[in-house]
Amino acid sequence: MSEERVSLNFLEHIIEEDLEKGYQKAQLRFRFPPEPNGYLHIGHASSICLNFGLGLKYGAPVNLRFDDTNPAKEEQEFVDAIKRDVEWLGYQWDTERYASDYFDQLYDWAVLLIEQGKAYIDSQSSEDMAKQKGTPTEAGSESPFRNRSVEENLALFEGMKAGKFEEGTHVLRAKIDMASSNMLMRDPIMYRILHKAHHRTNTDWCIYPMYDWTHGESDYIEQVSHSFCTLEFAMHRELYNWFLDQVYEEGNMRPKQREFARRNLSHTVVSKRKLLQLVEGNVVSSWDDPRMPTISGLRRRGYTPESIRNFADTIGIAKRENLIDVSLLEFHVRDHLNKVAPRVMGVLNPLKIVLTNYPEEQEEWLDAENNPGDEAAGFRKVPFSRELYIEKEDFKEEANRKFFRLKLGGEVRLKNGYIIKAESCTKDTNGNIIEVQCTYDPKSKSGSGSEESLRKVKGTLHWVSIKHALEAEIRLYDRLFTDESPDTHKDKDFMEFVNPDSLEVITGYLEPSLKNARIEDRVQFQRIGYFCVDPDTTSEKIVFNKTVGLRDTWAKITQSS
RNA sequence: UCAUCCGUUGUGUAAUGGGAGCACACAAGACUUUGAUUCUUGUCGUAUAGGUUCGAAUCCUAUCGGAUGAACCA
């Protein structure tokens, strides 16, 4: 037995230390707290995998909590989409919670703070308050309303709740320290007036708690042990703890906020505003366009939940700045699809070949293996006939020895079929090759066991029988941005880096077995890449999205020479 | 130029005072009815300068570099 070296990320170290210090394993509880104001993206996926992954690892419950404190931005539609995406990723939350579940408790606690002289109503404009806030290097100044009496504060707060005031006229502020080096501690706003209907509480409330006042207290109410968020909230920790101090009672779990670095993916943007710009500017068709980094986009692109979880696992979690190459994500989807995707044949760029010694009316149904890595996947039949399509790039009149494909006078194996030899070709008036005449070796049939079938020829091509071919719309995707970090340039707008060729739509010719493919089915077009059936598919027209290409060392060779 | 955080191969991450490891990428080779997959091997790293210590990626100091911080957003 060799000792296994366990490697933990820094958050797991924190949990392990807490466990050693006396936390009970049964007290561990985590949460994933999205705001329902948009669609989840690959960055959220990392956070989901982190929190739910820890839940699985420690056998701890994980709550799905919607941080719904701003009715101006939040909608039920997003709640539903988020739940779907988390489930699709393969995780189960313990309970579904909403910050809005705690509005009553939050209000009561706020009243308590007012009574203790730790919060006050400020009746200035936001501009005046901003002026008094100071700068990171200069202390702020106190509001003229800072020392209102408890009674007056209570009355005003009640009035705010009762809807007696216009938006912007009053706010509730925590009375902390206008000179703190942490700007967030300079009397942060706890409540603002918003005469807006909330997607869950409707018009019950017209004052809504701010993030800082809500988040830690929600963690506390749910008795979350570890509250993990991204680095931009590091400054908020001091406030998080201050608010917690006001309500914490001995004997309860005291939630601990810790921060990790957001994972950045190359060649993409992830901010809601920018994603919206792509949708509204018709750069992409929708939020679930297969080029979008949203979870719904990745799903439509053909990514599997496993591949995304494996990706999140490999990139790990830390506190340093990072830019993860999108090719790592592509590696993981290839890696998973290689194991599970059935192999099929499809020609995307057809060139007609005619087997001159194959009888005109003859057709054969050949055995084809569904997945060479998985015996249980079995076999299917593919039709073979005299006239076939192969890829244009698989034929050259003349080529050197490194070209393992079809050339005049050369032989090649047709996958699952026969060995053929190119004899001649015909061209149109522009000199384009439009047809290749070949002969086939009738004894070389794949799997027949004959001496001829065992012959080694260097190249193997995929193909499709023209008269049996299924026409399909094929959408070929490329990266949406040409720059690896499009939104980090100070002097350039990210839209300048949009790749104009990120989508190419062509007609492909597929083996007829694909007629029964269903939406979201994923297959490998042999020698090309992984594809999945798009929801735009109808009974008349099947649409495939290219998920990712196969690794292509031949492309590298041709490029470098 | 105030506060907080962070600097480990090309990228991401591990090593918590004692082996700089893993994955991807890259390179070479083997196998192959997918130029795929698989397998083998290889190249490359602790920001800099001091200090503490028998011993430092790890602790201390300074320097350099980066990120974050002034929304009635989350």
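Numbers restart at 1 for each chain; the letters A, B, ... are given by sequence-line order, proteins then strands.
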Answer with base, sugar-phosphate or nothing: what part of the nucleic acid does [X] contact at a heavy-atom distance below 4.0 Å?
{"X": "A:R405", "result": "base"}
{"X": "A:F403", "result": "base"}
{"X": "A:D67", "result": "sugar-phosphate"}
{"X": "A:P34", "result": "nothing"}
{"X": "A:I317", "result": "sugar-phosphate"}
{"X": "A:R551", "result": "sugar-phosphate"}
{"X": "A:L231", "result": "nothing"}
{"X": "A:Q524", "result": "base"}
{"X": "A:N9", "result": "sugar-phosphate"}
{"X": "A:L8", "result": "sugar-phosphate"}
{"X": "A:R334", "result": "nothing"}
{"X": "A:L461", "result": "nothing"}
{"X": "A:G134", "result": "base"}
{"X": "A:G447", "result": "base"}

Quick one: A:K319 NZ to B:rU68 C1', roughly how many Å, whole number?
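Checked: the NZ to C1' distance equals 12 Å.
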When the [atom1] atoms of [M] and [N] are compared, how many Å lie between them, rounded to an integer?
{"N": "B:rU40", "M": "B:rC31", "atom1": "C1'", "answer": "11 Å"}
{"N": "B:rC6", "M": "B:rA74", "atom1": "P", "answer": "27 Å"}
{"N": "B:rU43", "M": "B:rU4", "atom1": "C1'", "answer": "39 Å"}
{"N": "B:rA15", "M": "B:rA20", "atom1": "P", "answer": "16 Å"}
{"N": "B:rU52", "M": "B:rU58", "atom1": "P", "answer": "15 Å"}
{"N": "B:rG7", "M": "B:rA49", "atom1": "C1'", "answer": "16 Å"}
{"N": "B:rG18", "M": "B:rA56", "atom1": "C1'", "answer": "10 Å"}
{"N": "B:rA25", "M": "B:rG45", "atom1": "C1'", "answer": "15 Å"}

Would you call the rings of A:H44 and A:H41 parallel, tilted or perpendicular if under 30° counts as parallel and over 60° as perpendicular?
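Judged by the thresholds at 30° and 60°, the geometry between A:H44 and A:H41 is tilted.
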Can you classify the ring geometry of A:F525 versus A:F531 as parallel (below 30°), tilted (30 to 60°) or perpendicular (above 60°)?
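Because their plane-to-plane angle is under 30°, the rings of A:F525 and A:F531 count as parallel.
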Writing each nucleotide of RNA chain B 5' to 3' as (, ), [, ], | or . by Watson-Crick or G-U pairing under 3.5 Å yields .((((((..((((....[..)))).(((((.......)))))....(((((..]....))))))))))).....
Is the A:Y211-A:H215 ring centre distance short of 6.0 angstrom?
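Yes; A:H215 has its ring centre under 6.0 Å from that of A:Y211.
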Kindly say if [X] contacts the phosphate of [N], meaning a side-chain N or O under 4.0 Å from OP1 or OP2.
{"X": "A:H13", "N": "B:rA15", "answer": "yes"}
{"X": "A:T69", "N": "B:rA74", "answer": "yes"}
{"X": "A:R455", "N": "B:rU33", "answer": "no"}

Got a donor-acceptor pair under 3.5 Å from the side chain of [X] to the base of [N]?
{"X": "A:E369", "N": "B:rU33", "result": "no"}
{"X": "A:H462", "N": "B:rU34", "result": "no"}
{"X": "A:R320", "N": "B:rU8", "result": "yes"}
{"X": "A:R527", "N": "B:rU34", "result": "no"}

Counting only heavy atoms not in A:K443, do more than 12 sit closer than 6.0 Å to its NZ atom?
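No.
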May I ask you to test the A:N70-A:Y208 pair for a side-chain heavy-atom distance under 4.5 Å?
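Contact flag for A:N70/A:Y208 side chains = no.
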Centroid under 5.5 Å and tilt under 30°, A:W554 to B:rG35:
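A stacking contact exists, since A:W554 sits close and nearly parallel to the base ring of B:rG35.
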Has [X] got its NZ or CZ under 6.0 Å from the middle of the six-membered ring of [Y], at an angle within 45 degrees of the ring axis?
{"X": "A:K396", "Y": "A:F403", "result": "yes"}
{"X": "A:K161", "Y": "A:Y107", "result": "yes"}
{"X": "A:R65", "Y": "A:Y98", "result": "no"}

Could you tell me whether the side chain of A:R413 and the main chain of A:S444 form a donor-acceptor pair under 3.5 Å?
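Yes, the answer is positive, given that a donor and an acceptor are paired below the 3.5 Å cut-off.
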